[in-house]
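First comes the structure, then the notes that go with it.
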Amino acid sequence: MAHHPHLPKWKETAEKEMKGKSVDTLSWTTPEGITVKPLYTAEDLEGMESVNTLPGLAPYVRGPMATMYTGRPWTIRQYAGFSTAKESNAFFHTALASGQKGLSVAFDLATHRGYDSDHPRVVGDVGKAGVAIDSVEDMKILFNGIPLDRMSVSMTMNGAVIPILAMYIIAAEEQGVSRDKLEGTIQNDILKEYLTRNTYIYPPAPSMRIVADIIAYCSREMPKYNTISISGYHMMEAGANSVLQTAFTLADGVEYVRAALRSGMDVDTFAPRLSFFFGIGMNFFMDIAMLRAARFLWHRLMSQFNPRNPKSSMLRTHCQTSGWSLTEQDPYNNIIRTTLEAMTAALGGTQSLHTNSFDEAIGLPTDLSSRIARNTQLIIQEESEICHVIDPLGGSYYLESLTSSIVSEAQKIFDEIEKLGGMAKAIESGMPKLRIEESAARKQARVDQGLDVIVGVNKYKLANETIDFEVREVPATVRDEQISRLKEIKASRDKKAVEKALADLTSVAKNGGNLLEAALPAVRARATLGEISDAMESVFGRFVATTRCISGAYASGYSGDNNAVTALRRRTTAFLEKQGRRPRILVTKMGQDGHDRGFKVIASAYADLGFDVDISPMFQSPEEAAKMAIENDVHVVGASSLAAGHKLLIPALIEELKRIGGGEILVVAGGVIPPRDYDFLYKAGVKAVFGPGTPIPESADRTLALLEEKYLRRI
C-alpha cells in the first residue's frame, strides 16, 4: 500500500470487518496481468505521465476535443444493413427519423469477400449478415433519398474496399454530390483481417498497396473523408483482452502510417484523417482506461514521425459494444450489458458509438431490438446528465492507475512487435494471433468453471428457459432478387466499355498506378463488384490462410484431479482403448463468415479434452467439408455457424456426406442459431445443437455420449 497517513488505521478497520483476514486477499489479477488493489490513494498516482493532462491538449488522455460532450455529444452511429439495398434503405430512413445522427453500413459476406451474389460459393451468405451490393445500382438504391453531402457515412469494408468505395463515390456523383463534399469513414483495415476477422481477398503485400492507394486518393480528392478506421473491435471479439487490443490496434496504425510514408506522402497529409475503432466489453473501468491509454500511446507513437499538425497525433475513435458478451440464455439481460458497455464508451471519451441489439446472440436484430439499442444511447445522452462534464472520471485514483498500467503493458507488447520488424512481420510470425487465441481459450475456461460470472449462463440460471421473441430471418429469395438484378444490369450495359475498363484496371494492378482511381470508370460502366475484384485477383491472386489450433491453453485454466477436463480425458482414453483410436472430430466453418473465435476455441478445447481434432480451412463449402471429413476418417463433424446460413449449409453438408459414402459420420452444430431452428436441424439429421453460452465440457460430454452410444455399444 502507498504511504497515506491514515492507511494503517484503514487497514486495521478493514481487517476487523474481515475477521482478521489480510486485506491483501482482496487484490486480484486481471486477464491483462494487471494487479488491482482494493483501495487507491493519491500516492498511487505519483510519477505517472498520463495524469496531469487536459482535454483537447496533447497527449489527449482526457479526450481529443477541448469541450468533448459539453460542446457536442458523441455521434449515434448504428451499424446496420441486411437483405437487399431497398430494405436497408428503408431501415436507414427509420433510424435517422428516430434520432440516429450518422450511418454505418454492414455489408453481407459475399460482398466482403469480393463475390457477386450469383457465385456458387455464397449460396448461404447473400443478404444474411449485411446488405448485398453487386453494382453501383445497388449502392444508389441503398442511399436513395439520403443526401450524401449532408450525411456522414461509415462503411465497414476491407477485402472488397476498392469496388465498394468506388461505387459510393459514383453513387454520390450520380446523386449530384461531388467527392470533395463526402464525409465519413471507410474501414480499410486489412491487417486485422489476417489477424482475426478473415474477410480478406488478396495476399498482404497487394492489400497494403490498396490501403496506401486509398489513403493517397482520398487525401487528394476527399479532404473530409476518413481514409482508414484502424480496428481493435474484432480483436476483442476474437478474445483479446484490453491490453492486447490496445497494443495490436496501435501497432496496426503505425504500420499503415509507414506504408503511406513509403508511398511518398507527407505525414500531415493523411494522419489527421486516420480514425480508430475499439471494442467495449464488460470490464467497466478497464475499458474506460483502455480508451484513455490508447490516446496517450498514439500521441507518443506518432511523435517518431515528426508531425507538424497536432491532429496528426490525435486519436479519434468509434466504439461498439461487445457481441461476444451477449447471451442466448436469459437474453433480456443483454440490454443491461449493452447499457453498461455504452456507458463505458461514453465515459472513456468515444467520438461515435454503436450499441448492439439484445437478440444478436441468436440472429439478426429486429426493428424492436434495434430501437431499444438506439434508445439506449439517446437515454444516456439526454437523461443521465453525463454530457455536462468533460471526462468526469478523470482524477479517479483507480482509473488513473489503470490507465498508466495499460500504457505500460501495451508498450511492452508494442516493443516486442517492433523487434519482430513491425506489425506486418509480427502477423507473418503468428505471434499476435496466437496471443489472442490463448487469451480466448483461457477466458472460455474461466467462464466454463464459473470463475468469471455470466448471469443466466453459469450463475443464477433460469430453472425453465421459456423466453421466446421474434427473430429476423432473411429469406433465400433475396439471392434470387440480386441475381435477377445482375442479369438486368449485364444485359443493358455497354459490354465493350466494361471489358476495356476492367482491362485497364488489371493493367494498373500489374504495372502501377492508383487502383481506386482506376476502378471508377469500371463502376461507371456498370462492372460488378465480383468483376472488379476478379480483375485485380488475376494479378494479385487470392489469399488462403493456414488454419491451426493451439493446445494446452484451455486445459491450463483447470486445476486438480476432479474437474471436467480430467473426467472427459478419462472417457476419451477409454474410447481409445475400446475402439482402437481416439474420437475424431472435424471442426468446420462453412460459408464466407470469417469470425473464428468459437471455431478455434472449440477445436483447441476438444484437443485438450483428448479428441483427435481436424480443423478445416476457413470458407469451406459443404462439399469441401464433407470431402475433408471422409478423407480424415472422422467420427463427427462439428459445424460452426455465425452468419445465419445454418438452414442452408448444414443440411447440404449432411446430404453431401450421404452422397459420397459418409452417412455414418455424425454432425453436430453450434453458434448463433435461433432455438426455433433447432427442430429444423434435427429433422435434417443434426444430432446435437449447442447454442451460444454452452459450456465446452457440456458440449463435449454430449458429443462423446453420442459417439459412445454409436460405437462402443457394438463392442
Side-chain angles (χ1 to χ4, degrees), residues 75 77-79 81 102 104-107 109 112 129-130 153-161 164-165 184-201 204 207-208 210-211 214-215 225-257 259 273-281 287 290-291 293-295 297-298 301 315-324 341 345 348 350-354 356 410 413-414 417 423-424 426-427 432-433 435-436 439-440 593-597:
T75 300
R77 191 186 296 280
Q78 292 296 92
Y79 179 58
S104 181
V105 183
F107 297 97
L109 293 162
H112 273 286
V153 177
S154 172
M155 295 189 291
T156 300
M157 178 53 63
N158 302 285
V161 65
I164 284 296
L165 186 51
T185 304
I186 189 79
Q187 191 163 92
N188 195 28
D189 177 7
I190 201 62
L191 288 176
K192 72 101 169 55
E193 299 299 326
Y194 303 113
L195 191 56
T196 56
R197 182 65 179 91
N198 299 305
T199 54
Y200 41 69
I201 300 175
S207 293
M208 287 297 286
I210 287 170
V211 171
I214 288 171
I215 292 173
Y225 201 73
N226 297 319
T227 52
I228 189 168
S229 175
I230 303 150
S231 176
Y233 178 83
H234 301 93
M235 301 178 198
M236 184 263 301
E237 289 291 271
N241 60 45
S242 298
V243 165
L244 292 175
Q245 182 181 182
T246 303
F248 293 154
T249 304
L250 299 186
D252 277 353
V254 169
E255 194 75 12
Y256 293 130
V257 170
R273 303 311 303 173
L274 301 179
S275 67
F276 288 80
F277 175 23
F278 281 91
I280 304 298
D287 283 353
M290 175 185 70
L291 296 180
R295 290 192 289 268
L297 279 167
W298 184 244
L301 294 171
L315 185 147
R316 296 164 300 117
T317 190
H318 171 73
C319 289
Q320 181 173 338
T321 60
S322 171
W324 184 84
E341 290 167 353
T350 190
Q351 278 59 71
S352 63
L353 178 63
H354 166 92
N356 287 341
I413 295 171
F414 184 84
I417 291 165
M423 194 57 171
I427 288 172
K433 197 170 187 69
R435 296 279 177 87
I436 291 171
S439 176
D593 178 51
H595 284 296
D596 62 359
R597 176 180 185 155

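Along the sequence shown, the residues carry numbers beginning at 1. No experiment lies behind these values; they were computed from the predicted model shown.
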Shortest non-hydrogen contact from [X] toward [Y]:
X: A410; Y: V243; value: N-CG1, 3.8 Å
X: I190; Y: S207; value: CG1-CB, 3.6 Å
X: L195; Y: P432; value: CD1-CB, 3.3 Å
X: F107; Y: H112; value: O-CD2, 3.2 Å
X: G239; Y: S439; value: O-OG, 2.6 Å

Any side-chain heavy atom of [X] sitting closer than 4.5 Å to one from [Y]?
X: R197; Y: D189; value: no
X: I228; Y: I214; value: no
X: H318; Y: S275; value: no
X: L165; Y: M155; value: yes
X: I280; Y: T350; value: no
X: C319; Y: L291; value: yes
X: I164; Y: V161; value: no
X: I436; Y: M235; value: yes

Any chance you could measure [X], atom [atom1], to [Y], atom [atom2], to the nearest 0.5 Å?
X: L315; Y: F278; atom1: CG; atom2: CZ; answer: 5.5 Å
X: L191; Y: I427; atom1: CG; atom2: CD1; answer: 4.5 Å
X: N158; Y: I210; atom1: CG; atom2: CD1; answer: 11.0 Å
X: L274; Y: I215; atom1: CG; atom2: CD1; answer: 6.0 Å

Scan side-chain atoms only and decide if S229 and Q187 contain a donor-acceptor pair under the 3.5 Å cut-off. no
Counterpart residues, side chain to side chain donor-acceptor pair (under 3.5 Å), relative to [X] (two or more places apart):
X: Y225; answer: none
X: N188; answer: none
X: R316; answer: none
X: N356; answer: Q320, H354

Check: M290 main-chain N/O paired with D287 side-chain donor or acceptor under 3.5 Å: no
Check for a donor-acceptor pair, side chain of E237 on one end and backbone N or O of G279 on the other, with a separation under 3.5 Å. no
Salt bridge (charged side-chain N to carboxylate O under 4.0 Å, His left out) partners for R435, two or more places apart: E416
What pairs with [X] under side chain to side chain contact (heavy atoms under 4.5 Å, CB included), at least two apart in sequence or on another chain?
X: A259; value: M208, R262
X: T75; value: R72, R77, K101, S352
X: A251; value: F414, I417, M423

Residues pairing under side chain to side chain donor-acceptor pair (under 3.5 Å) where one sits in residues 244-254, two or more places apart or in two chains, turn out to be none
Listed partners of [X] passing ring pair (Phe, Tyr, Trp, His ring centres under 6.0 Å), at least two apart:
X: F276; answer: W298
X: Y233; answer: F277
X: Y194; answer: Y200, F543

Using the rule given for side-chain hydrogen bond (donor to acceptor under 3.5 Å, both in side chains), can you reason through Q351 versus T317, listing the C-alpha separation, both sets of side-chain angles and the distance that settles it, and then say yes or no? CA-CA 6 Å; Q351 278 59 71; T317 190; 5.8 Å; no
